[in-house]
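To start, the structure itself, in structure tokens.
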Amino acid sequence: MNLHLYDTATREVGVFKPLIPGEVSIYVCGATVQSHPHIGHVRSAVNFDILRRWLTWSGYDVTFIRNVTDIDDKILHKAVHEKSSWWAVAMKYERMFTQAFASLNVLPPTYEPRATGHITQMIELMQKLIENGDAYAPGNGDVYLEVRKLKRYLTLSGQKLDDLQPAADADETFKKDPRDFALWKAAKPGDPSWPTPWGPGRPGWHLECSAMAHAYLGEAFDIHGGGLDLVFPHHENEIAQSEAAGYKFANRWLHNAWVTQSGEKMSKSLGNALQVEVILQRVRGIELRWYLGSAHYRSMLEYSEAALDESAVAFRRIENFLTRSVELLGTEPEPTINDAFCAAMNDDLAVPAALASISENLRLGNQAITDGDKKAIAKNANEIRGALQILGCDPFDSNYPQGASAHVNDALDGVIPLALKERTAARERKDFAASDAIRDGLLELGITIEDTAQGPRWSMGEKS
RNA sequence: GGUCGGAUGGCCGAGAGGCGAGGCAAGGGACUGCAAAUCCCUCUACACGGGUUCAAAUCCCGUUCCGACCUCCA
């Protein structure tokens, strides 16, 4: 089966066919860097990272763009609040996002354009729109898109222009129609601005994505992604601008669903946003990624500490099997994709179904350890590692911290068996009080002892 | 008001006309000096009311409840 993907525009799952055979171009709306990243932000990044990894594994040459919105009202407000300059605020939070993505092993985009680096392209786009008669500059320095001139406006969200609630806050003095939206905003005193033929100002939110997508991906590209809340107005407006300029723009739209808490969308304005750095004090990055990635990208993920902990335990179980396989086989598993996992992923990235195939591998692999069947251990370990690699949760991936340094591990590897030897001797003379004392003593140091068919083995506690 | 989703066992979570995903928890068993880990078994659900059909969690009509978006948002 070939890859099938949902398309927000048609609300159907259909065969994915790239515009250029063998190549896939993706544009995902990145964050406005104005605050700490929360787990909703990184869920989006993880979802699209899984898509990217799957496409790459499937043999496509993927160009993946995720922008940084580094100029925006909220950044300006934040700068006032933090008594800082807007660019310092943007850079500070951009770095936090970069770090959050890195700690979850989200691959860096092929290109990661900043809005402020593409003012020229935005001006060119506005010029084109004004020449076409779809945009207008009323003379105050603003530039607006005249939405009533567009035949296909609002087709992505399926709404009608006249049914929209009128904007409450918009300054409509210069608009021909209250629903026209700003491509460009005239500079207010003290605000950063860039010169344009219509006066100094700064970009509106929507214009940048159209300009950057065009700059990096051309007139048409395969997939445009983002969070569900961007469907309207952001993506509608991107479509409006781009199509009015004569571009075909995105061939397919993918939107990820929310992380919710108590049934409500996680957001800063609701005050229930959970910062990534806070959660990473509770679980490791790889565990958080496993948690975020294991829900289907179009399903809500109801966050709770209990669910996160449970998910982390489940992941450690898988990880433990892989560790044991390396102990028993002496080599790291060779990543392999099996048919069940492949079929699930090709069905609109059905990760929950794909996880069932991992569970099966895990069960068979553990059984193989009990049976001492090295061939079966290797097969299942390979398939699990292949699946984990696509999900970005490969414990052998050097992008994840590997715990203690090698020489410390070597030292422990020498020392702990000495204690285990004592314990084994005690067990042989049935002095269980002594053997249990050794095991309990090691446990207090965070070292867990398990008696396996192959003899005792030790492992460090998971939390670093 | 408009647009779009959702409701599945104790919990999480797939499925989308027949063949009961999977995980967690719980109970039982195997293994073990004990523990841990692991494996095996058990627990049979689809919001409600109608309808279509040989057959409905799945399709149709209606109802209830929950959520998202409607110019800040991943």
Side-chain angles (χ1 to χ4, degrees), chain A residues 8 11 28-32 34-35 37-48 66 69 72-74 77 154 156-170 178-182 204-206 225-234 236-237 255-260 263-270 273 294-296 298-302 304 306-307 309-311 313-314 317 320-321 324 340 344 347 350-360 362-371 427 430-432 435-436 439-440 443 448-453 456-457 459:
Chain A
T8 307
R11 319 223 179 252
V28 175
C29 289
T32 300
Q34 49 96 10
S35 188
H38 61 66
I39 60 170
H41 294 123
V42 288
R43 179 192 184 181
S44 179
V46 164
N47 286 154
F48 286 105
R66 187 186 59 228
T69 299
D72 167 88
D73 287 353
K74 287 198 143 188
H77 292 153
L154 303 182
L156 185 64
S157 58
Q159 300 186 93
K160 291 197 186 90
L161 198 53
D162 293 320
D163 290 338
L164 295 183
Q165 285 181 350
D169 56 336
R179 286 157 184 113
D180 290 349
F181 62 88
W205 176 34
H206 315 296
L228 201 52
D229 52 352
L230 298 181
V231 173
F232 183 88
H234 187 53
E236 291 287 12
N237 291 353
H255 292 95
N256 65 278
W258 305 126
V259 180
T260 58
E264 285 185 317
K265 168 187 174 179
M266 188 163 294
S267 85
K268 285 182 279 281
S269 48
L270 289 171
S294 53
H296 188 94
R298 285 194 284 120
S299 298
M300 304 260 191
L301 177 60
E302 171 72 20
S304 73
D309 291 347
E310 186 186 291
S311 167
V313 168
R317 222 178 136 235
N320 193 41
F321 165 68
R324 291 210 63 193
D347 182 13
V351 175
L355 296 188
S357 83
I358 296 180
S359 294
E360 176 76 357
L362 183 62
R363 191 175 61 79
L364 294 173
N366 278 322
Q367 217 160 32
I369 287 179
T370 307
D371 299 343
R427 292 179 71 204
K430 303 220 187 295
D431 183 357
F432 297 121
S435 72
D436 288 352
R439 186 172 61 195
D440 293 346
L443 189 61
T448 306
I449 303 304
E450 296 164 39
D451 293 316
T452 73
R457 71 183 283 270
S459 56

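By convention in this document, chain letters (A, B, ...) are assigned in the order of the sequence lines, proteins followed by strands, and residues within each chain are numbered from 1.
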Using Watson-Crick or G-U wobble geometry with both distances under 3.5 Å, which nucleotide pairs with [N]?
| N | answer |
| --- | --- |
| B/G1 | B/C70 |
| B/G27 | B/C41 |
| B/A14 | none |
| B/G62 | B/C48 |
| B/C34 | none |

5'-most by nearest nucleotide on RNA chain B - A/Ala314 or A/Arg427: A/Ala314

5' priority, RNA chain B, between A/Lys430 and A/Gly158 [closest heavy atom]: A/Gly158

When you measure from the side chain of [X], which nucleotide among [options] comes out closest?
| X | options | result |
| --- | --- | --- |
| A/Glu450 | B/A36, B/U71, B/A68 | B/A36 |
| A/Asp436 | B/A74, B/G33, B/G22 | B/G33 |
| A/Pro352 | B/C34, B/G13, B/A68 | B/G13 |
| A/Gln159 | B/U71, B/U3, B/C34 | B/U3 |
| A/Met266 | B/A74, B/U3, B/A36 | B/A74 |
| A/Asn320 | B/A37, B/U71, B/C72 | B/A37 |
| A/Glu310 | B/C69, B/C24, B/C39 | B/C24 |
| A/Ala31 | B/A74, B/G22, B/C4 | B/A74 |
| A/Phe432 | B/A21, B/C39, B/G33 | B/G33 |
| A/Arg439 | B/G22, B/A35, B/A74 | B/A35 |

Under 4.0 Å between a side-chain N or O of [X] and OP1 or OP2 of [N]?
| X | N | value |
| --- | --- | --- |
| A/Lys265 | B/A74 | no |
| A/Arg317 | B/C39 | yes |
| A/Ser359 | B/A21 | no |
| A/Asn366 | B/C39 | yes |
| A/Arg363 | B/C40 | yes |
| A/Arg66 | B/A74 | no |

Any donor-acceptor N/O pair under 3.5 Å between B/C34 base and A/Asp451 side chain: yes

Residue pair [X] / [Y], side-chain heavy-atom distance below 4.5 Å:
| X | Y | result |
| --- | --- | --- |
| A/Thr8 | A/Leu156 | yes |
| A/Leu301 | A/Met266 | no |
| A/Glu450 | A/Ser459 | yes |

When the distance from [atom1] of [X] to [atom2] of [N] is rounded to whole Å, what number comes out?
| X | N | atom1 | atom2 | answer |
| --- | --- | --- | --- | --- |
| A/Leu154 | B/U71 | CG | C1' | 11 Å |
| A/Ile358 | B/G22 | CD1 | P | 15 Å |
| A/Phe232 | B/C4 | CZ | C1' | 13 Å |
| A/Leu156 | B/G5 | CG | P | 12 Å |
| A/Arg298 | B/A16 | CZ | P | 11 Å |
| A/Asp371 | B/A30 | CG | C1' | 13 Å |
| A/Asp440 | B/A36 | CG | P | 12 Å |

Mind checking the [atom1] distance from [N] to [M]? Whole angstroms is fine.
| N | M | atom1 | value |
| --- | --- | --- | --- |
| B/G10 | B/A45 | P | 10 Å |
| B/A57 | B/C40 | P | 30 Å |
| B/C24 | B/G50 | C1' | 37 Å |
| B/U53 | B/A14 | P | 33 Å |
| B/A55 | B/G15 | P | 26 Å |
| B/U8 | B/A21 | C1' | 13 Å |
| B/G17 | B/C70 | C1' | 37 Å |
| B/U71 | B/G9 | C1' | 43 Å |

Whether [X] side chain and [Y] backbone form a donor-acceptor pair below 3.5 Å:
| X | Y | answer |
| --- | --- | --- |
| A/Thr370 | A/Asn366 | yes |
| A/Ser359 | A/Leu355 | yes |
| A/Glu236 | A/Leu154 | yes |
| A/Arg66 | A/Ala31 | no |
| A/Arg179 | A/Leu164 | yes |

Hey, does [X] reach any base, or is it just sugar-phosphate, or nothing, if we go heavy atoms under 4.0 Å?
| X | result |
| --- | --- |
| A/Ala295 | nothing |
| A/Val28 | nothing |
| A/Arg457 | nothing |
| A/Gly40 | base |
| A/Asp162 | nothing |
| A/Leu230 | sugar-phosphate |
| A/His234 | nothing |
| A/Ser435 | base |

Heavy-atom pair with the smallest gap, counting every atom of A/Phe48 and A/Gly226: CZ-N, 3.4 Å

A/His206 and A/His234 aromatic ring geometry - parallel, tilted or perpendicular at 30°/60° bounds: tilted

